[in-house]
Amino acid sequence: MSYIILTDSCSDLNPEIIARFDQLEILPMSFTIKGVTSAESFDSDEKAKDYYDRLRAGETSTTAQVSPGEFYDTFMAHAKKGEAVLGLIFSSALSGTYASACMARDMVLEEHPEATIELLDTLGASAGEGLMVYDALINREKGMSLEENAATLREHVQTYAHWFTVDDLNFLKRGGRCSPSAAFFGSMLKVKPVLHVDAQGRLIPRSKVRGRHQSLKALAAKFGELGASPDQTVFISHGDCKEDAQLVKDMLVSQYGCDPEKIILSVIGPVIGSHSGPGTVALFFRGRDRG
């Protein structure tokens with residue numbers, strides 16, 4: 001039986017991947033900047049640059065999760081058409097979006113108990129969530145049933161490694177991920193944090209390095225430290241700093257023998273970007289664990 005694969009826009013999927021697959025639905029999460037609310041994703045480098053330039057200029061962006069009502073309407077539409085849904089949702093430790101999806105699913109199943117709505121907490125964010133969605137799409141393309149696909153993804157969810165670094169600590173400070181004093185002195189000393197999404201789906205600082213180049217090298221080094229296979233598909237997302245993302249890609253190719261055709265770059269969308277800021281670079285792959 002065919003089925004819909006559904007996710008939210010925090011998955012930051014590359015537009016070429018979105019265009020490649022049918023029966024992929026992405027529910028938008030909104031952001032508000034200077035009183036204007038939008039659910040628009042970045043479908044061009046120009047839109048991404050304009051957004052991040054506004055953040056660089058000091059404008060503040062706030063975000064909102066997908067509401068239970070939006071999930072309800074979506075799930076109900078598929079239930080009425082007899083379409084099964086496999087949903088892969090933004091980490092429950094970082095957003096209430098997964099709870100909203102579960103609430104909406106339960107409401108729909110009360111009215112349509114025959115419906116199939118399977119939800120997974122990806123425990124991931126940005127293109128780390130997107131990498132899991134991509135694997136789900138490939139699994140379906142290979143003929144895997146919804147039940148088999150969901151079971152496989154759950155079995156391997158802790159192998160999806162999410163590592164990233166930010167360029168400006170003040171964005172993490174605004175989101176409560178960094179103290180004001182750490183942001184102040186870190187910026188003065190050019191300290192760059194290396195963070196990851198842990199086994200519970202939480203954003204956790206792991207180390208600090210001096211200088212931008214060292215932080216990018218630290219990201220690439222995680223690929224080797226976690227015993228990752230060079231044959232896999234790797235995602236790298238960035239906050240309007242494609243050259244730095246390309247540098248990490250080049251390191252993976254030269255140091256670990258990764259296939260450059262299997263390393264896919266994407267821009268961090270406005271929802272995640274509101275909290276991570278311009279200059280963020282994130283690396284996502286599958287290792288023996290999350291690290």
Steps toward side-chain contact (heavy atoms from CB on, under 4.5 Å) verdict (Ile5, Phe21): CA-CA 10 Å; Ile5 291 179; Phe21 293 97; over 6 Å; no
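- Taking each heavy atom of Leu123 and Ala199 in turn, the nearest pair found is CD1-O, 3.4 Å.
- When hydrophobic clusters are built by joining Ile, Leu, Val, Met, Phe, Trp and Tyr residues whose side-chain heavy atoms come closer than 4.5 Å, directly or via intermediates, Ile204 is not grouped with Phe164.
- With Ser215 as the partner, the side-chain contact (heavy atoms from CB on, under 4.5 Å) test is satisfied by one option alone out of Val209, Val281, Val248: Val209.
- Heavy atoms only, all atoms of each residue included: Glu118 and Leu146 are closest at CB-CD2, 3.6 Å.
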Could you check Leu13 against Leu24 for side-chain contact (heavy atoms from CB on, under 4.5 Å), going step by step and ending with a plain yes or no? CA-CA 11 Å; Leu13 284 167; Leu24 167 63; 4.2 Å; yes
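- The side-chain contact (heavy atoms from CB on, under 4.5 Å) with Asp244 is formed by just one residue from the set Leu216, Thr165, Leu219; it is Leu216.
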side-chain contact (heavy atoms from CB on, under 4.5 Å) between Gln23 and Ile4, worked out: CA-CA 5 Å; Gln23 293 185 296; Ile4 306 297; 3.9 Å; yes
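- For the pair Ile263 and Phe285, the minimum side-chain heavy-atom distance is 4.5 Å or more.
- Within the structure, the ring-ring contact (aromatic ring centres under 6.0 Å, His included) test picks out the following pairs touching residues 97-141 (sequence neighbours left out): Tyr134-Phe235.
- Ser95 places a side-chain heavy atom less than 4.5 Å from the side chain of Met29.
- The closest side-chain donor-acceptor pair between Ser237 and Asp12, if any, does not fall under 3.5 angstrom.
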Name every donor-acceptor pair, under 3.5 Å, that has one atom in a side chain of residues 221-229 and the other anywhere in the protein, sequence neighbours excluded.
unit_1	atom_1	unit_2	atom_2	d
Lys222	NZ	Glu225	OE1	3.2
Ser229	OG	Asp231	N	3.2

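- For the pair Ile236 and Leu252, the tightest heavy-atom approach, listed with the atom from each and the gap, is CD1-CD1, 4.4 Å.
- When atom types are taken as modelled, the side chain of His156 and the backbone of Thr159 share no donor-acceptor pair closer than 3.5 angstrom.
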Check the pair His213, Leu247 against side-chain contact (heavy atoms from CB on, under 4.5 Å), reporting the backbone distance first and the verdict last. CA-CA 9 Å; His213 187 73; Leu247 181 59; 3.6 Å; yes
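- Rounded to the nearest 0.5 angstrom, Asp8 CG and Glu25 CD are separated by 11.5 Å.
- Partner of His196 under the side chain to side chain donor-acceptor pair (under 3.5 Å) criterion, out of Arg206, Arg202, His162: Arg206 alone.
- In this structure, Ile117 CD1 and Cys102 SG are separated by 10.5 Å, a value rounded to the nearest 0.5 Å.
- Side-chain atoms of Lys262 do not come within 3.5 Å of backbone N or O of Val234 as any donor-acceptor pair.
- Of the possible donor and acceptor atoms, none in the side chain of Ser11 sits under 3.5 Å from a partner among the backbone N and O of Thr7.
- Atom-to-atom distance recorded for Arg154:CZ and Asp121:CG is 9.5 Å, nearest 0.5 angstrom.
- Counting only heavy atoms from C-beta outward, the side chains of Leu6 and Ile89 approach each other to under 4.5 Å.
- Closest non-hydrogen pair, Gly201 versus Ser91, comes out as O-OG, 2.8 Å.
- For the pair Lys34/Glu59, a side-chain contact is recorded, criterion being any heavy-atom separation below 4.5 Å from C-beta on.
- Side chain of Arg290 to backbone of Tyr160: a donor-acceptor contact under 3.5 angstrom is found.
- In this structure, Asp259 contributes its side chain and Pro230 its backbone to no donor-acceptor pair below 3.5 Å.
- The number of heavy-atom neighbours closer than 6.0 Å to CD of Glu114, taken from other residues, nucleotides and ligands shown, is above 12.
- Closest approach of Asp240 and Lys49 over heavy atoms only: OD2-CA, 3.8 Å.
- For the pair Asp167/Pro278, no side-chain contact is recorded, criterion being any heavy-atom separation below 4.5 Å from C-beta on.
- Every side chain to side chain contact (heavy atoms under 4.5 Å, CB included) that Lys47 has, sequence neighbours left out, goes to Glu40, Phe42, Asp43, Ser44.
- Taking CG of Leu153 as the reference point, atom CG of Leu86 lies at 6.5 Å (rounded to 0.5 Å).
- In this structure, the separation between SG on Cys10 and CD1 on Ile272 is 4.0 Å, given to the nearest 0.5 Å.
- In this structure, the separation between CG on Asp135 and CZ on Arg140 is 13.0 Å, given to the nearest 0.5 Å.
- Screening residues 55-97 for ring-ring contact (aromatic ring centres under 6.0 Å, His included), with sequence neighbours left out, gives Phe71-Phe75.
- Closest approach of Ser126 to Ile268, counting heavy atoms only: OG-CG1, 4.0 Å.
- Contacts of Glu70 classified as side chain to side chain contact (heavy atoms under 4.5 Å, CB included), with partners at least two apart in sequence or in another chain: Val66, Ser67.
- The side chain to side chain contact (heavy atoms under 4.5 Å, CB included) check on Thr122 picks up Leu88, Glu129, Met132, with sequence neighbours excluded.
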